[in-house]
Participant: 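Dumping the structure here so I can ask a few things about it.
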Amino acid sequence: MADYSKEEIKRIEEKWRAAWQQKGVYKTDNHSDKPKYYVLDMFPYPSGAGLHVGHPLGYIASDIVSRYKRLKGFNVLHPMGFDAFGLPAEQYAIQTGQHPRLTTEKNIATYIEQLRKIGFSYDWDRKVETSDPSYYKWTQWIFMQLFNAWYDRNTNQAQPIAQLIATLDKQGNAGINAVCDDETPAISAQQWSAFNTKEKEDFLQKYRIAYLAETMVNWCAALGTVLSNDEVKDGVSERGGYPVERIKMLQWNMRIAAYAERLLNGLDTIDWPEPVKEMQRNWIGKSVGCELDFKLADGTDTIRVFTTRIDTIYGVTFMVIAPEHELVDKITTADQRKVVTDYVEIAKNRSERERMSEVKRISGAFTGAYVINPFNNEKVPVWIADYVLAGYGTGAVMAVPSSDTRDYAFAKHFNLPIVDVLEGPTSDITKDNFEPKSGSMINSGDLNGLPWQQAIEKALQRVETLGIGVRKVNYRMRDAIFGRQRYWGEPFPVYFDNGIPKLVDEKDLPVTLPEIDAYKPTETGEPPLGRAKDWTYKGHPYELTTMPGWAGSSWYWFRYMDPKNEKEFASKEALAYWKDVDLYIGGSEHATGHLLYSRFWNKVMKDLGYVASEEPFKKLINQGHIQGISKLAYRVNGTSKFVSHNLRKDYEVTPLHVDVTFVDGDVLDVEKFKNWRDDLKNIELILEDGKYICGSEVDKMSKRYYNVVNPDDMVNNYGADTLRMYEMFLGPLELSKPWNTNGIDGVFKFLRRFWNLFHDNQGAFRVSNDEPTRDELKVLHKTLKKIEYDIEHFSFNTSVSEFMICSNELSAMKCNKRAVLEPLLITLAPFAPHIADELWEKLGHADTILNATFPKHNEEYLTESSFEYPISINGKVRVKMNFALDMPKDDIEKLVIASEIVQKWTEGKAPKKVIIVPGKIVNVVI
RNA sequence: GCCAAAGUGGCGGAAUUGGUAGACGCGCACGACUCAAAAUCGUGUACCGAAAGGUGUGUGGGUUCGAUUCCCACCUUUGGUACCA
């Protein structure tokens with residue numbers, strides 16, 4: 001006899017997971033007549049804490065879509081792998097000496113077992129691990145392609161470096177329109193050929209997409225490595241929260257800025273959440289304007305500024321240059337020298353963090369120099385201030401205090417003149433409604449009277465005619481730093497021959513990580529790889545930094561297409577068949593990191609002819625985060641006493657995170673708590689009503705807060721099917737929400753009720769072959785329609801509701817008919833695969849339900865001949881009346897007006913108006 | 001500060017194009033079964049009111065026969081961003 005009991009669930013679920021594995025039902029073929037569908041999850045970093053209930057949220061959703069698409073006749077690729085290089089394993093290695101590979105492998109094994117228990121339809125034969133040499137061989141290979149490429153603005157794509165060299169041989173760099181370093185000089189073919197090997201390579205580095213350069217980097221001393229901009233949050237490292245400072249260093253970089261415009265335009269072609277697109281747009285930060293020269297009043301030099309508001313040039317009352325600007329020293333006058341030097345010194349030593357926390361503080365110094373405004377020949381003073389950044393534009397701005405809030409604040413603070421140049425209702429900077437992009441020009445010579453947009457164009461033309469500047473587009477996005485002074489990452493396929501960086505031969509890939517004695521920098525401050533003994537290539541030293549975490553994840557979706565290929569990163573056929581990812585599910589925290597870098601690498605690989613699509617991920621969905629509910633106990637400061645939640649106001653207390661497994665509701669299990677740690681053995685508790693009540697707060701689910709809920713426990717208690725459906729039932733996929741198990745019983749009961757539809761009171765399987773009634777068919781087809789609609793719209797919480805409604809209705813009808821239950825079971829299979837295959841087998845099918853066909857709903861069963869109209873009076877529903885759907889409006893109106901209830905409200909008078917919306921509503925206006 | 005998303009019962013949430021607000025589930029209450037409890041099943045459950053009725057989707061206004069849905073202003077929460085000229 002088979003109840004849907006705890007024991008039976010365990011038996012069923014294990015039975016099917018074993019059967020699926022043994023039969024290889026999730027193996028995906030690269031050859032098929034069926035249309036392809038590629039569903040991808042953002043692969044996890046395998047942390048030591050294991051999977052918590054938040055991780056599977058997106059995986060369950062993608063698994064439902066995968067299974068649904070398969071039932072719909074698609075050949076579905078649904079792989080999983082691991083982003084296995086990363087800092088935590090290395091930090092652990094530094095502390096314990098344990099090789100990060102061992103930690104990582106152990107964690108991956110845990111993850112796989114946890115994932116297996118939830119019944120995902122991953123094709124594990126396609127698993128990738130970024131730290132596996134057979135994988136990072138190809139990460140290195142792609143790096144080599146990037147090293148051997150430059151960006152040609154004429155064709156607007158990356159080109160082989162050999163082609164650039166050929167041009168340099170022939171004509172120097174004249175006529176080359178490339179994205180390259182700013183200070184790249186113009187050279188002739190003669191100069192080029194006169195270069196020695198080192199000079200040639202140094203010159204090429206200014207063009208390569210992967211290149212070495214002295215750049216300002218975010219140096220994190222505590223982690224002993226540099227970090228990319230997206231790894232730094234609020235001046236501290238995103239992982240660990242250590243301070244970060246800006247220093248100059250020779251580093252590997254990626255010329256992602258070359259792709260700024262294409263990365264921006266591509267956003268309009270992909271189906272991604274608008275907030276993510278917006279974040280990428282902001283990150284790219286395009287601004288259109290011009291650069292123009294201001295001559296110094298003494299005629300010695302010119303200072304070039306970048307502005308987007310050339311229309312306001314008559315309002316320029318001073319100029320500001322960055323403290324790091326190259327002309328600071330030169331133009332500063334003798335009597336201002338001390339002030340300026342002092343200021344530069346302070347600005348230099350202010351850490352990034354201080355600068356950020358002191359955004360509101362206004363500081364600066366006058367250089368003593370003046371420049372001439374080329375439009376009106378007026379003399380304006382030149383200041384230095386750290387609100388002007390050296391790295392953006394030209395590091396100099398023409399200050400217009402009447403239309404820029406920062407310039408305004410600066411002018412107010414130092415008592416500098418302000419000249420209004422815009423006139424309009426929102427053009428006054430002293431008013432709250434100030435809007436810089438509004439109004440028409442005043443006090444602006446021949447620009448007077450023009451709206452600001454037209455004034456920009458006219459002023460631009462004048463700049464061009466005078467030959468003092470050019471139109472210019474600037475991007476906020478910088479090139480990405482690509483090296484890390486760490487051990488646990490991909491080694492570069494690069495060695496140094498007399499200081500010249502060279503690529504290893506392709507046949508010598510992969511360059512594997514050498515074994516070292518300790519996972520920290522050398523005594524001389526070199527990266528950990530400096531410890532490797534005899535680690536050379538043909539007698540030359542290797543590059544000692546490793547690639548950043550995002551290297552391996554910037555192309556992994558291609559590897560899944562053909563994961564075992566030893567000759568190519570993926571075969572041409574596999575790439576041609578799978579093309580790109582149809583659905584990508586993951587967290588929005590990757591908006592400006594992984595998702596941008598992946599688009600970048602994809603575009604380079606497309607330019608070089610390796611892949612076909614311009615964009616890697618056609619549709620993206622951000623799943624929300626499941627937060628943890630932390631439990632708090634309150635230690636009375638300086639004592640070994642803990643006070644219960646509601647009494648804590650009377651004491652000075654420090655909250656302590658308590659392991660959530662010690663707490664039932666709000667009540668602390670005192671014994672477990674005391675036995676938790678040695679320092680808690682002898683504590684004294686101040687109770688309320690004889691209990692210790694804990695406080696709660698919502699935190700990230702993390703080991704650190706002792707609030708992690710493990711999916712294994714949920715699977716043991718309720719089964720994987722219940723866990724899967726419950727996570728979907730919690731609410732919309734995109735929403736973040738704290739984990740609580742309050743509603744899980746409801747989902748469990750639903751599955752049992754569903755099971756019971758197939759069984760009699762004694763638990764015997766009993767399904768009848770009788771013809772279903774029209775009502776039963778209506779329930780069935782209504783459900784089929786709704787479930788299909790919901791899956792197509794990624795609204796899984798409402799599908800679970802619909803299943804519940806359907807099973808409630810069929811239970812009430814005591815329907816156990818095969819013709820109804822069988823199609824219903826197929827629609828449930830993507831959500832609850834274990835119970836589905838079990839019942840499918842009991843229905844007499846030899847093959848798994850995965851190979852069934854998703855049933856089509858039939859509108860015929862859903863059409864009604866009549867409708868129960870809500871009759872509202874002045875918009876409030878008062879009564880319901882049933883009318884045939886084809887009844888003429890006039891007849892409905894007569895019957896409604898004549899009805900007792902309406903008569904009561906109208907008091908016999910004729911209503912002002914009667915609105916009848918067929919099939920929807922009747923509204924009587926009185 | 002700026003950009004984006006979101007505010008609906010005791011709780012999670014539903015309402016697909018402007019058309020019955022609160023589906024579904026949890027919780028709670030009552031009832032059945034039971035010596036009893038658990039489990040299970042059934043009934044009820046936005047708020048005020050005995051009822052008639054009234055009030056209700058963050059707040060205030062507007063458009064409309066009709067607004068959770070559209071428009072304007074504001075408040076709150078969450079995420080992103082940090083002087084980008």
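Chain A is the first sequence line, chain B the second, and so forth, proteins listed ahead of strands; every chain is numbered from 1. Side-chain atoms are counted along with the backbone in the values below, which use heavy atoms only and exclude waters and symmetry mates.
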Participant: State, without any angle test, whether Gln627(A) and His625(A) hold a side-chain donor-acceptor pair at a distance under 3.5 Å.
Facilitator: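 Gln627(A) vs His625(A): no donor-acceptor pair found between side chains.
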Participant: If you compare every side-chain N and O of Ser287(A) against the phosphate oxygens of A85(B) (OP1, OP2), does one of them come in below 4.0 Å?
Facilitator: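 It does, given that an N or O in the side chain of Ser287(A) lies less than 4.0 Å from OP1 or OP2 of A85(B).
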Participant: Is there a side-chain contact between Arg878(A) and the phosphate of G66(B), meaning an N or O under 4.0 Å from OP1 or OP2?
Facilitator: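 So the side chain of Arg878(A) is outside the cut-off, no N or O lying under 4.0 Å from OP1 or OP2 of G66(B).
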Participant: Given that both distances must come in under 3.5 Å, which nucleotide forms a Watson-Crick or G-U wobble pair with G27(B)?
Facilitator: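 Per the H-bond distance test, U45(B).
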Participant: Can you tell me the distance, in whole Å, between the CE atom of Met804(A) and the P atom of C24(B)?
Facilitator: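 Checked: the CE to P distance equals 11 Å.
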Participant: Where the side chain of Lys876(A) is defined as all heavy atoms beyond and including C-beta, which of G56(B), A85(B), G25(B) is the nearest nucleotide?
Facilitator: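 Among the listed nucleotides, the one closest to the side chain of Lys876(A) is G56(B).
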Participant: Which nucleotide sits closest to the side chain of Lys737(A): A4(B), A85(B), G13(B)?
Facilitator: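 So the side chain of Lys737(A) is nearest to G13(B).
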Participant: Distance check needed: G54(B) C1' versus Trp905(A) CH2, whole Å only.
Facilitator: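 Result: 10 Å.
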Participant: Send over the distance from Asp407(A) CG to C83(B) P, rounded to a whole Å.
Facilitator: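 Atom CG in Asp407(A) sits about 15 Å away from atom P in C83(B).
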Participant: Report the nucleotide, chosen from G19(B), A14(B), A85(B), that has the shortest atom-to-atom distance to any side-chain atom of Pro732(A).
Facilitator: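 Out of G19(B), A14(B), A85(B), the nucleotide with an atom closest to Pro732(A)'s side chain is A14(B).
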Participant: To the nearest Å, give me how far apart CG (Asn742(A)) and P (G13(B)) are.
Facilitator: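 For the pair Asn742(A) CG and G13(B) P, the rounded distance is 12 Å.
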Participant: Look at the side chain of Asn797(A) and decide which nucleotide, out of A14(B), G12(B), U20(B), has an atom nearest to it.
Facilitator: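 Nearest to the side-chain atoms of Asn797(A), counting from C-beta on, is A14(B).
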Participant: Round to a whole Å and report the spacing from CD of Glu278(A) to C1' of U81(B).
Facilitator: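 Taking CD of Glu278(A) and C1' of U81(B), I get 12 Å after rounding.
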Participant: Applying the Watson-Crick and G-U wobble criteria at under 3.5 Å, what pairs with A50(B)? Answer none if nothing qualifies.
Facilitator: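 When the pairing criteria are applied, nothing turns out to pair with A50(B), so the answer is none.
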Participant: Using a distance-only criterion (donor-acceptor N/O pair, under 3.5 Å, no hydrogens), is the base of U20(B) paired with the side chain of Lys880(A)?
Facilitator: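 Side chain to base: pair found, below 3.5 Å.
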Participant: Name the residue closer to the 5' end of RNA chain B, choosing between Ile915(A) and Tyr789(A) according to the nucleotide with the nearest heavy atom.
Facilitator: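 In this pair, the answer is Tyr789(A).
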Participant: Assess whether a salt bridge exists between Glu809(A) and Lys782(A), defined as any Lys/Arg side-chain N lying under 4.0 Å from an Asp/Glu carboxylate O.
Facilitator: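 Yes, Glu809(A) and Lys782(A) are salt-bridged.
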Participant: In terms of the nearest nucleotide of RNA chain B, which residue is placed more toward the 5' end: His793(A) or Val747(A)?
Facilitator: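 Nearer the 5' end of the strand: His793(A).
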Participant: Please answer whether the main-chain N or O of Ser795(A) pairs with a side-chain N or O of His793(A) as donor and acceptor at a distance below 3.5 Å.
Facilitator: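 Checking the backbone N and O of Ser795(A) against the side chain of His793(A), no donor-acceptor pair under 3.5 Å is found.
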Participant: From C-beta outward on Arg753(A), which listed nucleotide comes closest to its side chain: A85(B), U16(B), G25(B)?
Facilitator: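 Closest of the options to the side chain of Arg753(A): G25(B).
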Participant: Using only modelled atom types and a 3.5 angstrom limit, is any donor from either the side chain of Lys786(A) or the base of U16(B) paired with an acceptor on the other?
Facilitator: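 Answer is yes: a donor-acceptor pair is held.
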Participant: Can you tell which of A85(B), G25(B), U20(B) lies closest to the side chain of Phe729(A)?
Facilitator: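 For the Phe729(A) side chain, the nearest candidate turns out to be G25(B).
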Participant: Take the protein atom CD1 of Ile901(A) and the nucleotide atom P of A52(B), then report the distance between them rounded to whole Å.
Facilitator: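 About 11 Å, once rounded to whole Å.
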Participant: Give a yes or no on whether the backbone of Ile270(A) and the side-chain of Lys277(A) come within a donor-acceptor separation of less than 3.5 Å.
Facilitator: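 Present.
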Participant: Where the side chain of Thr592(A) is defined as all heavy atoms beyond and including C-beta, which of U81(B), G56(B), A85(B) is the nearest nucleotide?
Facilitator: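 It is U81(B).
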Participant: Could you tell me whether the phosphate oxygens of U40(B), OP1 or OP2, come under 4.0 Å of any side-chain nitrogen or oxygen in Arg752(A)?
Facilitator: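 Yes, such a contact exists.
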Participant: With a 3.5 angstrom cut-off on both distances, give the Watson-Crick or G-U wobble partner of C33(B), or none if there isn't one.
Facilitator: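 No nucleotide pairs with C33(B).
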Participant: Measure from the side chain of Ile921(A), starting at C-beta and using heavy atoms only, and say which of A85(B), A82(B), U20(B) lies closest.
Facilitator: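 Per side-chain heavy atoms of Ile921(A), the pick is U20(B).
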Participant: Establish whether the base of C65(B) is bridged to the side chain of Asn923(A) by a donor-acceptor pair shorter than 3.5 Å.
Facilitator: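 Checked by distance alone, the answer is yes.
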Participant: Write down the partner of A15(B) under the Watson-Crick or G-U wobble criteria, each distance required to be under 3.5 Å.
Facilitator: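 Pair assignment: A15(B) / none.
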Participant: Taking CD from Glu893(A) and P from C65(B), how many angstroms apart are they, rounded to a whole number?
Facilitator: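 Whole-Å distance recorded here is 16 Å.
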Participant: Checking base pairs now: Watson-Crick or wobble, both atom distances under 3.5 Å. What partners A73(B)?
Facilitator: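 Pairing partner: U59(B).
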Participant: Would you mind telling me which of A82(B), U20(B), A85(B) lies closest to the side-chain atoms of Val877(A)?
Facilitator: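 Of A82(B), U20(B), A85(B), U20(B) is nearest to the side chain of Val877(A).
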Participant: Specify the glycosidic conformation (syn or anti) of G54(B), with syn defined as within 90° of 0.
Facilitator: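 Classified anti.
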Participant: Would you kindly give the NZ-to-C1' distance between Lys749(A) and C26(B), to the nearest whole Å?
Facilitator: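 Checked: the NZ to C1' distance equals 9 Å.
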Participant: Would you tell me if any nitrogen or oxygen in the side chain of Asn808(A) comes within less than 4.0 Å of OP1 or OP2 on C24(B)?
Facilitator: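 Result: no.
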Participant: Is any side-chain N or O of Lys913(A) closer than 4.0 Å to OP1 or OP2 of C65(B)?
Facilitator: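 For Lys913(A), the contact criterion (side-chain N or O under 4.0 Å from OP1 or OP2 of C65(B)) is met.
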Participant: After noting the C-alpha distance and the side-chain angles of Phe831(A) and Arg724(A), does the key distance pass the side-chain contact (heavy atoms from CB on, under 4.5 Å) rule?
Facilitator: CA-CA 7 Å; Phe831(A) 295 81; Arg724(A) 290 167 63 106; 5.9 Å; no
